[in-house]
Every structure is written in structure tokens, then in C-alpha cells.
Q: 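Please read through the structure below; I'll follow up with questions.
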Protein chains: 2
Amino acid sequence: MADYNFSALQLSLSLYSASRLLIQQFQIRLNELHLTYPQYLVLSILWEEDGLLVNKIGQKLHLDSGTLTPLLKKLEGMNYVKRNRNEADERTVSIQLTYPGKSLQSKTAELLKPLEAAFSVIENPELSTLNHYLKSLLGNMESFKNKN
Amino acid sequence: MADYNFSALQLSLSLYSASRLLIQQFQIRLNELHLTYPQYLVLSILWEEDGLLVNKIGQKLHLDSGTLTPLLKKLEGMNYVKRNRNEADERTVSIQLTYPGKSLQSKTAELLKPLEAAFSVIENPELSTLNHYLKSLLGNMESFKNKN
DNA sequence: TCAATTTAAATTGTATCAAATCTAATATTC
DNA sequence: GAATATTAGATTTGATACAATTTAAATTGA
């Protein structure tokens, strides 16, 4: 069943391909709202917990300010978030959803319904196993990263 | 054990994060040879089978000419490949490894040894299961892509 | 056969990514 | 408490991704 003769390269290629193909499926549907997949990810994080620091968003998505700063400025330009430099610590910027930004949640949910249905646990029970292994790999990789 | 309450979004985020973190680990080591990860992927494909069409490389990596043409021109600029327009079908270009391009294989293998060791099946038997599920997901996604 | 269609690459334009550097603000340490 | 170090974001730069368009060549079908 499983491939017992594989390399880190093969694993990386599987991850790289699967990742991009799935993101493409999101992107196709998000186009209608003129949202990119990374922009949607950031909004998703904020729908869970509003007012996060740029730093905190970066930790959740494994992205740094080099990616997030221009992305957040675009979201601000579309009036979906506000970027506020904090008084307590002037180095930090926290991100607040605007009303239009909050409203997007239900719109994207509707838009992405077919995708959620196709990749539901009910349709594909093995996906929850896959997700579990992925999170485990993520954990291993973070500790590997700090050691090497 | 597994997460029975997850969404396509969570799966995509796991894939997206794991993919980028693993690629980063490759990239760190490839820097020594001034190679990027996608460039290394293309070379890996050619080490398996030399003389492939741009098209064919694209199929293996799920990349199109928009990404591959400039990448291949860079590899050609570094004298690792030659790009030859075919006489039989002038629309196609096949990619041949040069001698320096072939020589890179052993150099990268040496460079990436620590990574291959850390992500070997012996170290992590569950990775072969993960890779298996990823390939299955890839297959599902390709057919889903053609239907939607 | 030859006009219409399809195909393979190349090109163009927008948006990431990530390493490296920079700036300003806060923490630390002697 | 002033010099040093650290931290959070912003900026810069180079290299993808990928959709859309273009171009040239090959294929098809009436």
C-alpha cells in the first residue's frame, strides 16, 4: 500500500504539488470576491480572533512581515481591515477587521461550499488521517528547524 | 488521534505550511550551490530522464511554461541545461543536461544527506503513509479539477 | 486543401515568499 | 541611566506561481 522506498525529495514534491493544486481550487472560487488565497487565510485567522498583532498572524501562518506587510496593506486598501500601531508598544501593529471584512466570512463560506463538501471528512475519511499526519510533520519540522 | 472535525481550509493550511517549511529546509542547503528549490526539482526530473520536453517537465511538477520558461533560461544561463527547439515539431523545446548539470546530482545528494536522513522512512515510518495519502489526494484533486 | 482549431512555448502582469537590511522602539545589563 | 542588544515591522530584492494573452507551428475536418 504505502511506498516504503521514498525520499525527502519525493515527500517535498508531493507536499508542494498537493498544496498548490488545493490552493488553486480555493483561488478559482475566491476570484469572484477579488481575494487571493493568502489574503483569505489572513481573514480566516482574524474571523477566529480579531485584533491580532502582525507577528501573531505570522506565527499562525508561518509567514513574516516581508509577506504580511504588503498583504495587509492591500486588505486595508480594500477596506477589509484596519492597521493600528499600538500605544503600549509602538513597535507593534494590530489588525482589526472592518465591518466589510467581517461580512466577507459568510460570503466566502457560501462560495467555498462545493470545495468543503468535496473535501469533507464524510466524503473522504482518510483526509482526517492525512491532516493528522501533516500536523505531526509540522511539529517535527519546527523542532528540526531549530536544531539545524 | 485523528481530527474528526476539520475543514478543507484546515487541510489546505496544513499542506501550505508543511510544504513551505520543508522546502525552506531544502533551500537553506541548496543555497551553497546557488540553486533554488524549483530549479533543483527540474534538475531532479532530468537526472531521472534527460531530454524531456518543457511540457513533460511541467506535467511532472504541475507547472506551466509561465513558470518553467524563465526558470529553464536561468538554468541554461548557469550552463546546467541546453534548450533545443525540436526539428520534428518546431513548437516544442527539449531540455538536455550539460556535463556540469549532470555533475550537480552527486553534489546535491551530499548536501542534502542530513535532510534525507532526518526524513528517512527508518527515522519516521509514518512518513511513507503520509506520502501515500498525499499521492492519493493528488490523484483525487486532478480528477476533481477536471470536473469542476 | 486550406481555413479553423488546437497545441507548445513565450510573454506580460499581479501577487506572493523569503532572505537581508533598515528603522524605530523597547529591554537588558553593567 | 546610558550603552548595548533585542524585537516588531517595513523595505528591498530576486525568484517563483499562475492567469491571460500572444505567436508560431501542427493538426483537423469539411
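Note on naming: letters A, B, ... go to the chains in the order of the sequence lines (proteins, then strands), and numbering restarts at 1 for each one. These figures come from a predicted structure and were not determined experimentally.
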Q: Using atom CD of A:E90 as one end and atom C1' of D:dT6 as the other, report the distance to the nearest whole Å.
A: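 Distance, rounded to whole Å: 18 Å.
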Q: What pairs meet the ring-ring contact (aromatic ring centres under 6.0 Å, His included) rule with one or both residues in residues 75-104 of chain A, with sequence neighbours excluded?
A: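 The answer is none; no pair qualifies.
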Q: With A:S19, which residues qualify under side chain to side chain donor-acceptor pair (under 3.5 Å), at least two apart?
A: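 With neighbours one apart ignored, the set is empty.
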Q: Taking CD from A:Q27 and P from C:dT14, how many angstroms apart are they, rounded to a whole number?
A: 15 Å
Q: Expressed in angstrom and rounded to an integer, what is the separation of B:N84 atom CG from C:dA9 atom C1'?
A: 14 Å
Q: Rounded to whole Å, please give me the gap between CZ in A:F26 and C1' in C:dA15.
A: 18 Å
Q: With sequence neighbours excluded, tell me which residues meet salt bridge (charged side-chain N to carboxylate O under 4.0 Å, His left out) with B:R85.
A: none
Q: B:L61 has an atom CG; how far is it from atom P of D:dC18, in whole Å?
A: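 Rounded to whole Å, this separation is 11 Å.
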Q: What's A:H34 touching, base or sugar-phosphate or nothing? Going by heavy atoms closer than 4.0 Å.
A: nothing
Q: Write out a two-atom table: protein N or O, nucleotide N or O from nucleotides 1-5 of chain D, distance below 3.5 Å.
A:
none

Q: Ignoring hydrogens and geometry beyond distance, is a side-chain donor-acceptor pair present between B:Q25 and B:R29 at under 3.5 Å?
A: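 Checked: B:Q25/B:R29 side chains pair up, N/O donor to acceptor below 3.5 Å.
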Q: Please tabulate, one pair per line, all N/O donor-acceptor pairs under 3.5 Å involving side-chain atoms of residues 62-71 of chain B, not counting sequence neighbours.
A:
unit_1: B:D64; atom_1: OD1; unit_2: B:G66; atom_2: N; d: 3.0
unit_1: B:D64; atom_1: OD1; unit_2: B:T67; atom_2: N; d: 3.4
unit_1: B:T69; atom_1: OG1; unit_2: B:S65; atom_2: O; d: 3.0

Q: Please tabulate, for side-chain N and O atoms in residues 40-53 of chain B, each donor-acceptor pair with protein atoms closer than 3.5 Å (sequence neighbours left out).
A:
unit_1: B:S44; atom_1: OG; unit_2: B:Y40; atom_2: O; d: 2.9
unit_1: B:W47; atom_1: NE1; unit_2: B:G101; atom_2: O; d: 3.0
unit_1: B:D50; atom_1: OD1; unit_2: B:L97; atom_2: N; d: 2.9
unit_1: B:D50; atom_1: OD2; unit_2: B:L97; atom_2: N; d: 3.4

Q: Would you say the side chains of A:N86 and A:E90 form a donor-acceptor pair under 3.5 Å?
A: no
Q: Please list all pairs meeting salt bridge (Lys or Arg N to Asp or Glu O under 4.0 Å) that have one or both residues in residues 110-122 of chain B, counting only residues at least two apart or in different chains.
A: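 Listed by first then second residue: B:E110-B:K113.
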Q: Which whole-number value in Å describes the distance from A:L35 CG to C:dT14 C1'?
A: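 These atoms are roughly 15 Å apart.
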Q: Rounded to the nearest Å, what distance is computed from the CD1 atom of residue B:I95 to the C1' atom of nucleotide C:dA9?
A: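 Whole-Å distance recorded here is 10 Å.
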Q: A:F26: which residues meet the ring-ring contact (aromatic ring centres under 6.0 Å, His included) condition with it, sequence neighbours left out?
A: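 ring-ring contact (aromatic ring centres under 6.0 Å, His included) check on A:F26 returns A:Y37.
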Q: Report, as a single string ordered 5' to 3', how protein heavy atoms within less than 4.0 Å touch nucleotides 7-17 of chain D: B base, S sugar-phosphate only, - not at all.
A: BSBBB---SSB
Q: For A:N31 and C:dA15, what is the distance between atoms CG and P respectively, to the nearest whole Å?
A: 11 Å
